[in-house]
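The structure under discussion appears below in the form of structure tokens.
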Amino acid sequence: MVTISATYSPEDNKLRLYASSRLDAETYAEVKAAGFVWAPKQELFVAPKWTPAREDLALTLAGDIEPEEMTLAERAQVKAERLDNLAAKRRGEAESLNRHANELSQAFYMGQPILIGHHSERKARKTKERMDAAQGNAIKAEKAANYWLYRAEGVEHFANMKNNPRVRANRIKTLLAELRDLQRGINAAHRARELWEKATTDEQIKWALGNLPSDETLAGYGTYSAVCPYGDAAPTMTPADARAQCIAAADARINGPTRKRWIDHVLNRLAFERALLGDVPRFDGELTPVILQAFAREHGAEKPKCSVVDDGFYLLESPVPLPAHLVEGERSWLELSGDEWRDVMKACGYEVPAPKARRVSSKPAAAPLINPTAEEAERLQRIWNQQMLASCKAKGRPEQAEENTVTPLTQATYSANSGGSYSPLETVEISADGCIVPTHRASFCGADDRQPAVARIRIYTRGTGFYKPRSVVHISDKPAKALPLNLDAIEAETRQAIADAGEPATLGGAVYDPALMRIKRYRASTSQGEVVLFYNGRKIERYGDTIRRTESGEYRGHDDDYWHTVARRVLSEAQELAA
């Protein structure tokens, strides 16, 4: 009589069957169909993975499943020893064949050739063939020995890798993902049952079958076609029968024993892995609803939402019943105190992740948004008007300059008209000289030559143009603040610019002083540039700059010495004409 014993190893999640003698044909076919394979060296049947069906078969054949006595490390050691013995055997064969080949090679000592036509030719050729064969077999045996040694090292490495704490932690993450997948199926069944409790009429049932995916309705293949056939074909199923069939499928998934057995098995494996990895420390930090939501989500809860209901008590809710290993019965809520939640997380092996350091933005902090007072808004608007006049006067066309006025608005009016890309109201940055900072730098190459922003203000752009400045916006029903600008100094500089604009730069009879010359460069593209020269605060002229590529690969225009030469020549010629 054949006696069979069954074991299970949580280390590798495998079932094993030990038979006292050869199985009969019927039992062998049943074992093979279940996925068990015969391991001749170990003299047992092994299943590559635990499943409920394989467990049922093992219980039927053996009556009970016992823990596997041999650990993974011990099994690896036995296999490594067997492979080492094979390697030693093959290496011994290689050494023996090498000695035999060396003995045969003595016939050709000192390069003795085969004498063609001599009576020793036939024997010499056979000796050479035997020597070559022995050398070839020795090489094959040596390769086989190296192969079995490599296999032995691989077995030991795999056993060590399986017991590595990092690998074990990753295995726990995989088991948690498997637990969430199993719980997700139950959650989907709860949602489907809730759907069918609301869909009661024939029209609602047909709409749900025809418009919702099958994983939401749990309708079988062909259910919609049976209820609503194509063309003139008669239906083979009523909407009520289809609804009852879907509800039965949802109940079978919720209350079915197979999925619950899978969940219990995964939980047991998690407990085993965590026990070997070490106890998870009890969380002693500040407990928040976000932490509890993350814990419940990792353990399969559907869209968990946590809130503080009382001092030290937290309520966890879900649109469907919570996982069975968190609550008893089909409850969609769980209310516990902070200490009780800490105990639950410790029992489940959940470790609250450390907070990640917030990434510091590389962008500079934005300038403060300021609503200027009515008086400062008028002064800033007057400065913008004067700067536009100075710009037009420097071009010889002062009559083109137009003035603008402050635009007072309420906050409600500004908010209602400031949205969209084409809104006339916008927020701009201003620099310490009171000018608007351009959105993009003028040069596509080199360093950013824009002035840093000191504040942001609101402006009105409708009705402005090339020779009319923007309008400063003052929010009349909001608190106002002083601008971080020296308006007196800016107004003085602007008046001086208006006075100097239109008057050509001159030496005034003095010697050219390089310290009084200022060079302002503009780069429109990689190969296009312009230079504006100023002497003693007055403009000389605007020139085109020739951009060339240097040996280092950079694109540069003329250097300062070149423009000093140009300025000296122009100013000297102007002084000679004046004389």
Side-chain angles (χ1 to χ4, degrees), residues 382-403 431-438 440-452 466-469 486 488-579:
R382 184 166 62 249
I383 289 172
W384 286 2
N385 293 335
Q386 292 174 350
Q387 290 175 346
M388 179 61 71
L389 176 61
S391 175
C392 293
K393 189 176 180 182
K395 297 176 182 178
R397 297 184 291 272
E399 68 280 356
Q400 291 182 338
E402 299 181 51
E403 293 186 351
S431 57
D433 57 359
C435 298
I436 296 176
V437 179
H440 302 285
R441 63 183 185 180
S443 173
F444 292 97
C445 306
D448 192 352
D449 56 356
R450 293 177 295 177
Q451 297 293 325
F466 290 107
Y467 307 109
K468 188 175 184 180
N486 189 350
D488 294 334
I490 296 175
E491 281 188 312
E493 291 179 3
T494 307
R495 287 193 295 270
Q496 184 63 39
I498 294 174
D500 294 341
E503 296 185 12
T506 178
L507 291 174
V511 180
Y512 175 78
D513 185 2
L516 300 178
M517 215 268 282
R518 182 166 65 93
I519 304 172
K520 193 170 184 180
R521 290 180 170 85
Y522 299 91
R523 289 283 295 277
S525 66
T526 302
S527 59
Q528 296 179 351
E530 291 185 347
V531 172
V532 182
L533 303 181
F534 298 87
Y535 186 80
N536 199 16
R538 297 182 178 180
K539 179 180 176 182
I540 298 177
E541 190 56 75
R542 178 186 291 263
Y543 300 95
D545 194 5
T546 302
I547 309 299
R548 296 182 179 87
R549 184 175 182 178
T550 62
E551 295 181 355
S552 61
E554 298 180 359
Y555 288 89
R556 292 181 181 177
H558 293 294
D559 55 10
D560 291 352
D561 293 339
Y562 175 84
W563 294 114
H564 279 292
T565 303
V566 173
R568 185 182 291 107
R569 185 187 70 248
V570 173
L571 293 175
S572 299
E573 292 176 355
Q575 182 170 332
E576 291 176 0
L577 291 174

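- Using the six-membered ring where Trp is involved, Y535 and Y512 have ring planes that are parallel, under 30° apart on the 30 and 60° scheme.
- With values rounded to the nearest 0.5 angstrom, M388 atom CE is found 9.0 Å from E402 atom CD.
- Shown here for G557 and D545, the closest heavy-atom pair between the two residues is CA-OD2, 3.5 Å.
- T546 OG1 to H558 NE2: the interatomic distance, rounded to the nearest 0.5 Å, is 4.0 Å.
- Taken to the nearest 0.5 Å, the CD1 atom of I490 stands 11.5 Å off from the CZ atom of R495.
- Atom OH in Y555 sits 9.5 Å away from atom OG1 in T550 (nearest 0.5 Å).
- Within the structure, salt bridge (Lys or Arg N to Asp or Glu O under 4.0 Å) pairs that include any residue of residues 550-564 comprise R521-D560, E554-R556 (at least two apart or interchain).
- With hydrogens and angles ignored, the 3.5 Å screen pairs a side-chain donor or acceptor of K393 with a backbone N or O of I498.
- Two residues are said to be in side-chain contact when any heavy atoms from C-beta on lie closer than 4.5 Å; V570 and Y543 meet this criterion.
- Across L571, L516, D513, a single residue satisfies side chain to side chain contact (heavy atoms under 4.5 Å, CB included) together with N536, and that is L516.
- More than 12 non-hydrogen atoms from other residues, nucleotides or ligands lie less than 6.0 angstrom from CZ of R542.
- Rounded to the nearest 0.5 Å, atoms SG (C392) and NZ (K468) are 13.0 Å apart.
- Side-chain contact check for C435 versus Q387: some heavy-atom pair is nearer than 4.5 Å.
- Going from atom CZ of R518 over to atom CH2 of W563 covers 15.0 Å, rounded to the nearest 0.5 Å.
- Between R568 and M517, the closest side-chain pair of non-hydrogen atoms is not below 4.5 Å.
- The two residues N385 and P469 make their nearest non-hydrogen contact at OD1-CG, 3.1 Å.
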